[in-house]
Amino acid sequence: MKNLVKYFNYQLFFIPFLISLIGILTLYSIHKTNGSFFYEKQLFFLFFATICFLFFSVINLEKLLNLSTPFYSIIIISLIYLIFFGEKVSGAKSWLKIGGFGIQPSEIGKIFVILMIVKIFRKHFEGPIDFMDFIKISVIVGIPVFLIFLQPDFGTVLTYGFIILTFLIIFGLKKNLAILFIFLAIILSVVSWNYVLKDYHKKRIINFLHPEQDPLGYGYHTLQSKITIGSGGFKGKGYLKGTQKKLGFLPAQHTDFILSVFAEEFGFVGVTFVLWLFLYLFYIIYKIGVTSETIENIMLSGLVLGTLFFHFLINVLVCIGKFPVAGITFPLFSYGGSSIITIFSLLGLVENVYLSRFIKS
Amino acid sequence: MFEKTVYRKRLYLLKRKRNIKIFFLFIIFTFTILLLFFGKIQIVKYDYYSGLSTRNIKKIEKLTPLRGLIKDREGNIIADNRLSFDLIIPRENLMGKRKIRTIKQLKKFLNIYNKKNKTINSLRNFGTYYLSDEDLSFKDVNYFYSNQEEFNNISLRISPRRLYVLGETGSSFIGYVGEANQKEIRKYNLNIGDFVGKTGIEKYYEKLIKGEKGERIQVVNSRGVLNKIIKSIPPKQGYTLNLTIDSTLQRKIEKLLIDEKRIGSVIVLNPKNGEILSLVSTPLFNPNIFTSYFSQQEWEALINKEGKPLINKTIKGLYSPGSIFKLVVGLAGLEERLISERSIVNCYGYKEIYKKIFHCWKTSGHGPMNLISAIEQSCDVYFYMLGKSLKIDVIKHYATMMGLGEKTGIDLVGEKSGLVPSRTWKKKIYNLIWFPGETISVSIGQGPILVTPLQIAQMFSIIANRGYYITPHLLKYYNNDKKKIFPKYKMKKVPIKKQNFEKIIKGMWRVVNGEKGTGKLAQVQGIDICGKTSTVQVISKETLKSKVKNKKEKRWSNHAWFGAFAPRKNPEIVVVVMIEHSGGGGEIAAPIAGKIIKMYFKDLR
């Protein structure tokens with residue numbers, strides 16, 4: 001316990017904690033205009049997330065990896081349960097009600113999917129990923145993705161894609177597999193355009209490519225987001241003084257576009273600060289990763305880094321109109337209990353990795 | 001062996017770390033780019049987005065003013081405003097999830113009144129709202145308001161519409177309003193969906209009548225919900241136009257023509273001040289149909305209807321003046337001193353001029369004729385001879401002086417100028433020289449000479465006033481609560497000697513009152529009327545005989561003219577009657593003029 005206090009990487013906890021607090025401040029600002037109580041709930045979630053962080057940072061990683069298969073199975077079962085018995089909340093069956101609380105197994109699932117990947121590929125000591133490896137990871141990630149796709153919650157599906165993407169970045173692909181991959185991607189996009197994507201998705205994409213065609217239709221949200229950010233200027237309009245936010249021109253203020261609300265009130269200065277906090281957080285995770293000496297530790301930190309980074313990147317790009325509206329939240333910052341708990345748990349695992357070099361548990 | 005494995009393991013770890021390092025470089029690069037993006041939006045384009053942001057908040061609403069009223073000379077309202085209820089849908093109710101419910105409600109509302117032709121596709125986009133159905137009946141409005149909860153996504157807009165109180169009366173010159181087209185929107189600074197005068201007085205005085213738009217600037221949120229009003233300027237109603245028209249007389253004349261099923265024009269004006277008392281063009285139409293929903297078929301039926309009701313024949317109808325033109329030729333002869341009152345021409349029923357036979361309308365001949373009797377009996381031969389010696393350019397000079405072949409400048413749009421021929425005209429249009437023989441038919445107002453009934457009315461004013469006139473007009477004055485403005489109409493002199501007018505008037509008096517006068521049917525007991533008949537052939541007798549199969553067809557009948565003023569001394573009114581394809585001026589037009597003069601002097605005064 002003494003060692004724990006001594007060697008604990010405090011920055012790894014307090015940087016994301018600070019980001020979440022700024023998020024709660026922004027949620028409070030939203031509360032001031034529309035009376036929503038997201039900030040109160042988020043404060044509670046942050047408290048719970050802190051416990052999860054601590055729990056995952058002290059848990060025996062070896063035991064956890066061994067237990068990851070049953071946990072993974074529980075997630076899959078609950079996802080199947082949702083498909084049949086879940087209730088639709090804002091268009092998707094993603095909420096599991098447990099004693100008054102709602103959790104999203106699709107969010108929590110990321111922890112165990114990552115652990116499963118580490119468990120299966122820790123014995124992998126050869127070079128780039130071959131075909132069989134790819135099949136393995138596709139199955140691990142593919143099962144929950146398929147079930148989430150049925151909910152349907154495309155934003156979350158995309159975040160699972162980030163896990164695979166990060167995995168490929170860390171391990172690299174064999175050349176012929178890479179070519180096959182590109183080929184498959186093309187086929188998949190054609191097929192999904194014609195058979196999978198709904199009209200409103202297509203409209204979002206077309207509109208993203210040609211926003212000027214319909215500024216009041218589907219391009220409305222993107223344009224409003226840019227107006228919100230841009231009108232903040234260098235210094236911002238001041239805390240609680242955002243007019244765009246106030247008059248309700250901006251949709252999904254507490255989730256997808258929370259960064260825009262923040263940018264309106266705190267300006268370029270505020271945005272730079274938040275971006276710097278994220279970059280610093282990523283740096284800490286990166287540093288832990290590259291100084292680790294076991295493949296499990298490298299993989300774990302790398303996967304958390306990549307997943308979190310892409311999640312972050314897509315949301316920022318959506319806010320500034322460089323990516324179609326995807327239904328992805330701003331990690332740590334946006335309202336969402338399951339999301340913040342998942343991210344803090346993942347960061348807890350990275351802390352665990354960090355502590356493992358000092359403390360033999 | 002063991003060492004080799006350890007080495008391979010280390011190498012493998014190093015490779016993974018290397019990948020993560022490259023990945024982190026990518027992360028740093030991404031952050032740089034993101035920062036640049038934010039810089040561009042928040043610093044470089046700050047002014048642009050800031051401007052859009054304030055526009056988001058402010059909603060500027062234009063308030064439509066009431067159109068000015070149109071009244072007759074007695075103050076009776078001719079054109080008024082009424083309330084109209086239009087079915088509209090706010091734009092946001094057709095967006096996102098609300099759309100389905102809105103359309104359901106709309107379908108339900110329209111189905112109740114069986115308006116199946118008004119589908120969702122016929123919605124018209126006006127930016128912040130969509131217009132579904134215009135000018136609902138009271139039944140519809142009543143139903144809507146008593147079931148308002150059912151139709152909470154659609155709403156009714158109340159807006160002013162034109163109401164022509166007298167219906168068909170005066171339709172030819174009042175005109176009508178319709179939705180403004182792109183050109184009109186630019187010209188008068190209007191909005192889409194605004195009404196604008198399309199013809200007649202409504203168009204000519206658009207700028208006076210339209211009023212000034214009001215403006216309401218509100219702060220709204222994204223749902224268009226009002227937060228507060230910042231600024232509100234009420235709209236200003238347009239000026240009331242007080243016309244010179246006597247709507248009672250106007251209606252009586254219209255009834256007279258319609259009862260006899262006549263297509264044509266009647267103008268009654270006061271020669272002293274140019275005020276038009278009646279301006280009738282038949283058949284009539286009801287301008288109220290233009291202010292609400294109007295189908296393409298209805299429109300086509302109206303423009304193709306027999307007699308073309310939408311064409312104001314008093315200013316757009318072009319006809320040969322016929323014998324009325326003899327008055328101009330007579331005046332020219334007197335002014336040029338080619339004839340005197342006593343100059344005699346013998347009429348044998350025809351005359352050979354330039355080796356061609358020209359017939360008088362009276363084939364048996366009039367015998368010896370002087371100017372007065374030639375006007376009284378409308379002898380053609382007398383004016384053939386006079387025209388021959390005058391030559392075409394002199395005739396043109398006097399015709400122009402009397403206002404023929406040129407627009408009068410009445411306050412209506414679309415007036416035609418007509419035509420009085422000359423040598424230069426023929427050279428220019430046909431590149432041919434003028435043959436002296438052509439002058440002969442022009443002398444009796446036939447051939448290539450065209451005038452409007454209004455030009456004839458103006459010419460009769462000049463004769464009645466013995467040498468001056470004021471442009472015929474319809475607007476007496478316009479006013480609003482604060483001011484009353486009388487437009488100034490200038491008196492214009494015609495350089496012809498007064499005694500020459502008197503000689504012509506003497507002839508004109510005999511047309512109505514003389515023993516052999518052609519216009520005796522215009523007589524009214526106790527009133528000294530001067531006039532001139534005219535019968536215009538629409539086709540030459542030879543062509544009619546040789547080429548036309550059905551000679552009794554109406555379109556081959558003559559046009560009948562009768563122009564008059566009364567009393568002879570100090571005239572008060574000029575009356576011009578022009579009836580298309582009806583017969584002789586003395587038989588058809590003169591009695592109508594007589595009835596109108598009687599109405600004016602006996603019934604109205």
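Note that the structure is predicted; figures quoted are calculated from it, not measured. Protein chains get the first letters and strands the later ones, always in sequence-line order, with residue 1 at the start of each.
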Q: Which atom pairs, donor and acceptor, lie under 3.5 Å between side-chain atoms of residues 298-312 of chain A and protein residues at least two apart or in another chain?
A:
unit_1 : atom_1 : unit_2 : atom_2 : d
A:S301 : OG     : A:N297 : O      : 2.5
A:T307 : OG1    : A:L303 : O      : 2.6
A:H311 : NE2    : A:T329 : O      : 3.2

Q: Sort B:K21 into side chain, backbone, both or neither according to what part of it lies under 4.5 angstrom from a heavy atom of chain A.
A: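 Interface part for B:K21: both.
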
Q: Using heavy atoms and a sub-4.5 Å threshold, report which of residues 274-282 of chain A line up against chain B, by residue number.
A: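 Residues of residues 274-282 of chain A touching chain B at under 4.5 Å: A:L275, A:F278, A:L279, A:F282.
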
Q: Parallel, tilted or perpendicular: which one describes the rings of B:F85 and B:Y145, with boundaries at 30° and 60°?
A: perpendicular

Q: Pick one of side chain, backbone, both or neither for A:K237, based on which atoms fall under 4.5 Å of a heavy atom in chain B.
A: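 Contact with chain B involves the side chain of A:K237 alone.
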
Q: For residues A:F262 and A:F333, establish whether the separation of their ring centroids is below 6.0 Å.
A: yes

Q: Would B:K15 count as a cation-pi partner of B:Y12, with NZ or CZ less than 6.0 Å from the six-membered ring centre and within 45° of the ring normal?
A: no

Q: Run the salt-bridge test on A:E265 and A:K241 with the 4.0 Å N-O cut-off and return the result as yes or no.
A: no

Q: Taking atom types as modelled, is there a side-chain donor on B:S50 or A:S231 under 3.5 Å from an acceptor on the other?
A: no

Q: Given heavy-atom pairs under 4.5 angstrom as the criterion, report whether the side chain, backbone, both or neither of A:V316 touches chain B.
A: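 The answer is the side chain of A:V316.
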
Q: List for me each residue that meets side-chain contact (heavy atoms from CB on, under 4.5 Å) alongside A:K32, sequence neighbours excluded, and say none if there are none.
A: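 Per chain and number, A:K32 pairs via side-chain contact (heavy atoms from CB on, under 4.5 Å) with A:Y28, A:L240.
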
Q: Considering only heavy atoms and a distance below 4.5 Å, find which of B:V44, B:L34, B:D47 pairs most often with chain A.
A: B:L34

Q: Is a donor from one side chain sitting under 3.5 angstrom from an acceptor on the other, for B:N189 and B:K213?
A: no

Q: State plainly whether the residues B:E206 and B:R67 are in salt-bridge range, i.e. N to O under 4.0 Å.
A: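 Yes, B:E206 and B:R67 are salt-bridged.
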
Q: Of the backbone (N, CA, C, O) and the side chain (C-beta and beyond), which part of A:S292 lies under 4.5 Å from a heavy atom of chain B, both, or neither?
A: backbone

Q: Side chain from CB out, backbone as N, CA, C, O: work out which of these in A:I285 comes under 4.5 Å of a heavy atom of chain B, or both, or neither.
A: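 Neither; nothing under 4.5 Å.
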
Q: Once salt bridge (charged side-chain N to carboxylate O under 4.0 Å, His left out) is applied, do any residues pair with A:K226, and if so which ones, sequence neighbours excluded?
A: none

Q: Sort B:I20 into side chain, backbone, both or neither according to what part of it lies under 4.5 angstrom from a heavy atom of chain A.
A: both

Q: Can you tell which of A:I229, A:T291, A:T166 has the highest number of heavy-atom pairs within less than 4.5 Å of chain B?
A: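 Most heavy-atom pairs within the cutoff with chain B belong to A:I229.
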
